[in-house]
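All remarks here apply to the structure that follows.
A, B, ... follow the sequence lines: proteins, then strands. Residue 1 opens every chain.
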Amino acid sequence: ILCVPQKTIRPLCAIRGMHKSAVEVLERPAPEDTVTASFGQFISGVKPQHLSSVVLHRSKRMVLDSIGVGLLGSTTDVFELALQHCQHMYAPDDISSVYGRRGTKLSPTLAAFVNGVAAHSMDFDDTWHPATHPSGAVLPALLALSERMPGNKPSGLDFLLAFNVGIEIQGRLMRFSNEARNIPKKFHPPSVVGTMGSAAACACLLSLNASQCSHALAIAASLSGAPMANAATQSKPLHIGNASRLGLEAAQLASRGLEASPLVLDAVTGVAGFSAFYEDYMPQPLTSPNGETHTFLLEEQDMGFKRFPAHLGMHWVADAAAAVHKFIVGIESNTVSPAQIQDIMLRVPHSKYINRPFPESEHQARHSFQFNACTALLDGEVTVESFSPAALRRPELLSLLSRVSVEHPHDNPANFDRMYGEVEVTLVGGDVLKGRCDTFYGHWRNPLTNESLRKKFRNNAGVVLPPENVEGLIEAVEGLDELEDCTPLLSQLQ
Amino acid sequence: IMLKELIFGQFISGVKPQHLSSVVLHRSKRMVLDSIGVGLLGSTTDVFELALQHCQHMYAPDDISSVYGRRGTKLSPTLAAFVNGVAAHSMDFDDTWHPATHPSGAVLPALLALSERMPGNKPSGLDFLLAFNVGIEIQGRLMRFSNEARNIPKKFHPPSVVGTMGSAAACACLLSLNASQCSHALAIAASLSGAPMANAATQSKPLHIGNASRLGLEAAQLASRGLEASPLVLDAVTGVAGFSAFYEDYMPQPLTSPNGETHTFLLEEQDMGFKRFPAHLGMHWVADAAAAVHKFIVGIESNTVSPAQIQDIMLRVPHSKYINRPFPESEHQARHSFQFNACTALLDGEVTVESFSPAALRRPELLSLLSRVSVEHPHDNPANFDRMYGEVEVTLVGGDVLKGRCDTFYGHWRNPLTNESLRKKFRNNAGVVLPPENVEGLIEAVEGLDELEDCTPLLSQLQ
């Protein structure tokens, strides 16, 4: 260390101090003008009357579907693993219900975790545009939190409001990036916006003030972001489980006064906030409801529900292949067999993630254009049972798989709003049959009817719950906005 | 071509105590001691209390793993790892490495918590030290996958990226998982990594280390139950990001497994930096430079330095928004302000734990000096802990100009704290919450850690 006196004369600049503090004020936006603050204000200020009838209806369908896929998901190995992990690593607790397991309860964040794992364990949960699976990240946290609240449980309408806040925040955040509109490459979207949505929903249910709501989002940002490489592995469901759990945790920490960056959603050069998860990032403030109205994104952009447990992209080729199957069965014989098929060409978007010629696991099969097309070609449909160990190894399926090739037409983008699926089958003997699907049944442009949705729910929930609970849940969700107390929802989950 | 994740998994499962050289043993024991000390002092902070109460209220009571400095308070293992990790980083007093991260606070709390959970015999001190060094090594290896990692970070806070992975590796090692399970532990941890830099220099920052510790332990536990994740998480795969998601440039390298007797741990080649006061590492350069000027002024002018003597102050420091804060408004911001630390050292001749107290933050003489500071970023002063310097040029009323310069502060890896200084820091820290017999007992336990048949003497004196 050196200290050297220098006899140089330096000019005075007596007013520098004032200049600096003035510059500082100009460079930093007033706290209430930031995007981050606008989100906090929205979450704390939005009210039940801001939920239109369309939004109420659509979100109740989401709640029902999410519970159903979660209940079915409670039969999976990964759910069992997650549950046992929680039961062994933490002291027993008796607060929040575990899907489908009568008498099994956990601490709230752990119940949110395992139920979130269940929701995503079979890739059967809802999908939105831009792409994410919004409900599984939010609903388990709200259910767990509601069970924890002492005294009166939240009303059904307050519960629905918090749920819709969790969905809305996810949609708003995804619109900060054009990158979000295509099949993701870097971070798995539920792990990015899902955590934030869960934090927002829980902050809403906890009635945190605007500042606390902002901090809940900021704390959640430090718990967001799982790389895509872990998708299509056994770990993927944990992305949603963790989104739910860690978002709830963020809201709880904020309720205790923990603070994080007040600029987390804003674009600040040189210091990344939520922008860290995106290549392009253009945040927009969220306008708080004035008086009577706020247009939720769900009003303008409906939800997609799956008819079978696989990546959304599979539904296009499944419907296209099913059309070919129907034709063959109609004219050729009662079944489709590999002996009839010479080759199969799929025209699908380019996405490494779901292009798997020879899937080697159930998870990979749920993310394979080839597998789902061949299954639908053989069976006329893809169902829950299409992914069983026996079905995965069927000789006739493996035989068909070896005859599949894939093209990526330029007009077929990796985008759930604009993609299509084409299945072209050349029969032995030369006939060529082509099926094409632009909008599968269940897509937001061709939504499942209420009948179809309830049928899916009964099939799912009925695997683990007695019929009276199944019907009780349908009834509770249908009338959720009129329940003074959401206990009928909470008490029938196991 | 072997997948890098598997190679890392083989290293973690295959490395043995005999691969720890005496240099590595010595240096890592210093890290363990320092980390416990800063964690104990950190148990007196508000953010620690908040984290602890959160855990106690959100989970059922459990009696497994000790909480730093709180006699009788135990939690479930991951929660103890969490709060102790928060404590370790709560005052920015923990160790710093190159490339930059705070490695020990992410690893040690998880290992302590896990050790207390193990039924029957606790791990030997040597096994404990091996796992600790594995956790450090993995962090160093991963940071070398990116050139971006060598400079002050902009996107993700490094402890939240490599710290989680290091904790997972260390716990996988202590749990004696096989190579495949060790690989999956890393892959599972990758999905729990990555907190944005915006939350650094806020009250939440310590949670980055607390969560790194906790979630890495969790990843190892899930892997031990057979959970699998991507086998490619460390490799560079076009179109599907793994661990590469956290970096702009990413060039992964395989890790050679120990063959026979030797493996050169990074810690052997690159020593650790320990802080003398609780602030960002960059502060130590300007503090030492300003302290030299203080000493000179006190020597020739009078017994104290007062603002009346100072006309203006010029700091020559690297360009980094993160630590350039002309008027810090909180303790956290003050710990990340070149200006604050330079002025404090100029006034007092040093920066200490007490320099960040609420009263000290508001001192009129300090605020007065702050308004006279300007900052330059010379081109030869990069935002890099291995190459930066700090210069403090003070123009006195009357025209004299005094200049202090620090190229390597005392405590930097090029000028390491002596064992005496390190122990003094430990006693000052630990002594705030522990009785003297525990303080000395911990020094003794850590000093002889590699010879303890059972690491209980370490575990039992933390509160």
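Rounding to the nearest 0.5 angstrom, the gap separating the OH atom in B/Tyr59 from the CG atom in A/Leu106 is 10.5 Å. In this structure, B/His57 NE2 and A/Ser255 OG are separated by 11.0 Å, a value rounded to the nearest 0.5 Å.
A/Arg256 approaches B/His54 most closely through the heavy-atom pair NE-CA, 3.4 Å. When all heavy atoms are compared, the tightest approach of A/Val271 to B/Lys321 is CG2-CB, 4.3 Å. Residues A/Ser235 and B/Glu228 share a closest heavy-atom pair of OG-O, 2.9 Å. The minimum heavy-atom distance linking B/Asp62 with A/Met89 is given by the pair OD2-O, 4.5 Å. Contact record, A/Leu258 with B/Leu50: N-CD1, 3.6 Å, taken as the closest heavy-atom pair. Counting all heavy atoms, side chain and backbone alike, A/Ala229 lies closest to B/Gly242 at CB-CA, 3.6 Å.
Between chain A and the residues B/Leu232, B/Asp63, B/Val233, B/Leu222, the largest count of heavy-atom pairs under 4.5 Å involves B/Leu222. When each of A/Leu248, A/Val78, A/Thr109 is scored by its heavy-atom pairs under 4.5 Å with chain B, the top score falls to A/Thr109. Of the residues considered (B/Ser244, B/Gly390, B/Ala187), B/Ala187 shows the highest number of contacts with chain A, using heavy-atom pairs under 4.5 Å. Of the residues considered (A/Pro227, A/Pro108, A/Ala226), A/Pro227 shows the highest number of contacts with chain B, using heavy-atom pairs under 4.5 Å. When the candidates B/Gln221, B/His332, B/Lys205, B/Lys295 are compared by the number of heavy-atom contacts under 4.5 Å with chain A, B/Gln221 comes out ahead.
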Subject >> Candidate pair B/Ser191 and A/Asn230, rule side-chain hydrogen bond (donor to acceptor under 3.5 Å, both in side chains), full reasoning >> reply: CA-CA 7 Å; B/Ser191 278; A/Asn230 282 329; 2.8 Å; yes
**OP:** Test B/Glu218 against A/Arg245 for salt bridge (charged side-chain N to carboxylate O under 4.0 Å, His left out), laying out the working first.
**Re:** CA-CA 14 Å; B/Glu218 197 172 276; A/Arg245 156 171 87 133; 2.6 Å; yes
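Neither the backbone nor the side chain of B/Pro231 comes within contact range of chain A; no heavy atoms are under 4.5 Å apart. Within the 4.5 angstrom heavy-atom criterion, only side-chain atoms of A/Leu238, from C-beta onward, approach chain B. Interface remark: A/Ser224 contributes backbone atoms only to the contact with chain B (heavy atom separation under 4.5 Å). B/Gln53 touches chain A through backbone and side chain together, each having a heavy atom under 4.5 Å away.
Annotation for A/Asp77: atom CG does not count as buried by contact number, only 12 or fewer foreign heavy atoms lying within 6.0 Å.
For residues 214-260 of chain A, the set of pairs meeting the ring pair (Phe, Tyr, Trp, His ring centres under 6.0 Å) definition, not counting sequence neighbours, comprises A/His188-A/His239.
Taking the six-membered ring for Trp, A/Phe277 and B/Phe246 have ring centres at least 6.0 Å apart.
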